[in-house]
Chemist: 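Shown below is the structure under consideration.
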Amino acid sequence: MKQSLLLLLSLCLLLASCKQQADEHTAFHLQGAWTLLQMEYPTGLTRNYSLNDNGTYCIFYDGDSLLYESWLTTTPSGLVVLPTGITDITLVDKGGGELLYLENGDPHPLHIDGDSLTIQRNGIRLSWLRADDIYREWGQEIRDIVRQELHGDTPADTKRYFLSIRERQQERTIWWLGCVIALIVAVALIAAHYNRKAKKQLRLQLQQIQEVQTNRPPSVRQAVASVESSFFASDDYAALQRRIASGQRLKDEEWADVEQRLKTVYPGFATQLRGLHQMSELEYRVCLLIKLRIAPKDIATVLARDVSTISTARSRLYKKVFGQKGGAKEWDDFILSMGT
């Protein structure tokens, strides 16, 4: 018995769901704007309509309860609207593809075939064509005009309203401009957030570098000083200095060799340097040569740049890293203090 009741309840819920889906399906078919295409009278007389300078009727189905009617005329500048009526309707799906609706209580058969709608009213066959463009562009405004003005004191047939294409384009331009401005502001806020975060990380890195240098035991300091002295007194370093002073350009593999030699003396220098700022290849090599105690004029020579360019690059690096103006000499002192 219990199973039978559960089965009956499930069947009722299923039927209710199907009915709701059918109603929604019917309302979906009618929802939107339709323009009058043709009127066929019982006598055989046919009258055609089109949305042009002469105009045509337009109806808007709002769900399954209201029907908005108006007369529309197109002009080069926009659309002219003449409100004509609001009708209470009730959609009915009789099944088997047979549809009708009650218009102020009177039944009217209707047939939907894709984008075409046919209504039988008082023996007159009215054919309508779906007007999605009008619905998207002007739907809400036309319905508001019909709803508001037909409840006013002035007769509806004396009221005409002009919907300007130019004003609509201006509204769209303003809307898109607002979106672009909002996007720019959002990007700026995100960039500022990440900039603050990057500066905070950089301050921590600089603090760590300073702490490492400050807290080194004397024995470590002496060992570093000994390694430095040996390196700068070596024949390899003297040969490198002579080559740079002669103005010879270094090949990529030679730059890799320079980095490797520095790493034996200053193991953490390259890592610390890369972590300070996203440097260009020129800026990075300038820093390597500073650490090698190469004179600015020789740095300019080996990198094929003016001395002023090398000086500007050093000053700019100081400002990027520390967030304040500083001279080239101050940047050199900072580079020389790193990794020691």
Side-chain angles (χ1 to χ4, degrees), residues 25-93 98-168:
H25 184 66
T26 302
F28 171 79
H29 276 300
L30 287 176
Q31 186 76 25
W34 303 78
T35 55
L36 183 60
L37 188 63
Q38 186 182 81
M39 292 180 65
E40 184 179 347
Y41 295 88
T43 59
L45 177 65
T46 300
R47 185 175 180 181
N48 296 316
Y49 294 82
S50 61
L51 184 56
N52 50 32
D53 294 343
N54 295 324
T56 185
Y57 283 106
C58 184
I59 56 178
F60 287 83
Y61 286 98
D62 189 1
D64 59 352
S65 58
L66 290 178
L67 173 65
Y68 297 85
E69 299 179 85
S70 60
W71 179 269
L72 302 181
T73 304
T74 59
T75 68
S77 301
L79 196 67
V80 177
V81 182
L82 172 62
T84 57
I86 299 179
T87 304
D88 293 322
I89 62 171
T90 302
L91 300 177
V92 178
D93 186 352
E98 186 179 355
L99 304 172
L100 59 83
Y101 71 90
L102 302 178
E103 182 178 323
N104 290 332
D106 297 328
H108 297 283
L110 61 89
H111 176 73
I112 300 174
D113 184 10
D115 290 336
S116 299
L117 172 67
T118 304
I119 300 174
Q120 190 79 19
R121 182 186 295 173
N122 300 327
I124 303 174
R125 184 182 179 90
L126 296 94
S127 298
W128 304 81
L129 185 65
R130 186 180 291 277
D132 290 336
D133 291 343
I134 293 177
Y135 188 76
R136 285 192 299 266
E137 185 75 12
W138 309 105
Q140 188 60 51
E141 292 180 62
I142 292 176
R143 281 181 292 176
D144 289 343
I145 289 172
V146 175
R147 181 172 57 252
Q148 295 172 8
E149 298 306 327
L150 289 181
H151 291 86
D153 298 329
T154 306
D157 57 1
T158 65
K159 295 185 177 182
R160 292 178 181 270
Y161 297 87
F162 177 73
L163 303 179
S164 171
I165 292 178
R166 181 177 298 177
E167 290 181 2
R168 180 54 56 87

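Worth saying up front: this structure is predicted, and the values here are computed from it rather than measured.
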Chemist: Rounded to the nearest 0.5 Å, how far does CE of Met39 lie from CG of Asn48?
Modeler: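 Rounded to the nearest 0.5 Å, the CG-CE separation comes out at 11.0 Å.
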Chemist: Mind running side chain to side chain contact (heavy atoms under 4.5 Å, CB included) on His111 and Asp113 for me, showing each step along the way?
Modeler: CA-CA 7 Å; His111 176 73; Asp113 184 10; 3.9 Å; yes
Chemist: So, using side chain to side chain donor-acceptor pair (under 3.5 Å) as the criterion, who are the partners of Gln140 when residues are at least two apart?
Modeler: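 So Gln140 forms a side chain to side chain donor-acceptor pair (under 3.5 Å) with Arg143, Asp144.
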Chemist: Can you find a heavy atom in the side chain of Trp128 that is under 4.5 Å from one in the side chain of Ile119?
Modeler: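 Yes; the side chains approach each other to less than 4.5 Å.
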Chemist: How far does CG of Asp115 sit from CG of Asp132, to the nearest 0.5 angstrom?
Modeler: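 The CG atom of Asp132 is 6.5 Å from CG of Asp115, to the nearest 0.5 Å.
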Chemist: Check the pair Trp34, Leu126 against side chain to side chain contact (heavy atoms under 4.5 Å, CB included), reporting the backbone distance first and the verdict last.
Modeler: CA-CA 11 Å; Trp34 303 78; Leu126 296 94; over 6 Å; no
Chemist: Which residues satisfy the side chain to side chain donor-acceptor pair (under 3.5 Å) test with Ser116, sequence neighbours excluded?
Modeler: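 Testing Ser116 for side chain to side chain donor-acceptor pair (under 3.5 Å), a comparison that skips the adjacent residues, returns none.
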Chemist: Go through it in stages, so that I can follow the logic: the residues are Tyr57 and Glu69, the test is side chain to side chain contact (heavy atoms under 4.5 Å, CB included), and I'd like the CA-CA distance, side-chain angles, deciding distance and then a yes or no.
Modeler: CA-CA 7 Å; Tyr57 283 106; Glu69 299 179 85; 5.8 Å; no
Chemist: For Tyr135, which residues count as a ring pair (Phe, Tyr, Trp, His ring centres under 6.0 Å) partner, sequence neighbours excluded?
Modeler: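 Residues passing ring pair (Phe, Tyr, Trp, His ring centres under 6.0 Å) with Tyr135: none at all.
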Chemist: Report the distance from atom OH of Tyr49 to atom OG1 of Thr56, rounding to the nearest 0.5 Å.
Modeler: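 Separation between the atoms: 7.5 Å.
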Chemist: Indicate the atoms forming the closest heavy-atom contact of Thr75 with Leu79, along with that distance.
Modeler: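 In terms of heavy atoms, the two residues are closest at OG1-N, 4.4 Å.
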Chemist: Distance from Gln38 atom CD to Arg47 atom CZ, nearest 0.5 Å?
Modeler: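 One finds 12.0 Å between CD of Gln38 and CZ of Arg47.
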Chemist: Give the C-alpha distance, both sets of side-chain angles, the deciding distance and a yes or no for side chain to side chain contact (heavy atoms under 4.5 Å, CB included) between Leu117 and Arg130.
Modeler: CA-CA 8 Å; Leu117 172 67; Arg130 186 180 291 277; over 6 Å; no
Chemist: Who are the side chain to side chain contact (heavy atoms under 4.5 Å, CB included) partners of Asp133, not counting sequence neighbours?
Modeler: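 Asp133 satisfies side chain to side chain contact (heavy atoms under 4.5 Å, CB included) with Arg136 once adjacent residues are dropped.
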Chemist: Kindly indicate whether the side chain of Ile86, heavy atoms from C-beta on, has any atom under 4.5 Å from the side chain of Leu67.
Modeler: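 No, too far: nothing below the 4.5 Å cut-off.
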Chemist: For a quick test of reading the model, state the closest non-hydrogen atom pair linking Cys58 to Leu72 and the distance between them.
Modeler: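 What the structure gives for the nearest pair is CB-CD1, 3.4 Å.
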Chemist: Taking all non-hydrogen atoms of both residues into account, name the closest pair between Ser70 and Pro83 and its distance.
Modeler: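 Closest approach of Ser70 to Pro83, heavy atoms only: CB-CA, 4.1 Å.
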Chemist: Using the salt bridge (charged side-chain N to carboxylate O under 4.0 Å, His left out) criterion, which residues pair with Asp88? Sequence neighbours excluded.
Modeler: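 Once residues adjacent in sequence are excluded, Asp88 has no partner under the salt bridge (charged side-chain N to carboxylate O under 4.0 Å, His left out) criterion.
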Chemist: Which heavy-atom pair separates Thr35 from Ala131 by the least distance, and what is that distance?
Modeler: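 Minimum heavy-atom contact is CG2-CB, 3.8 Å.
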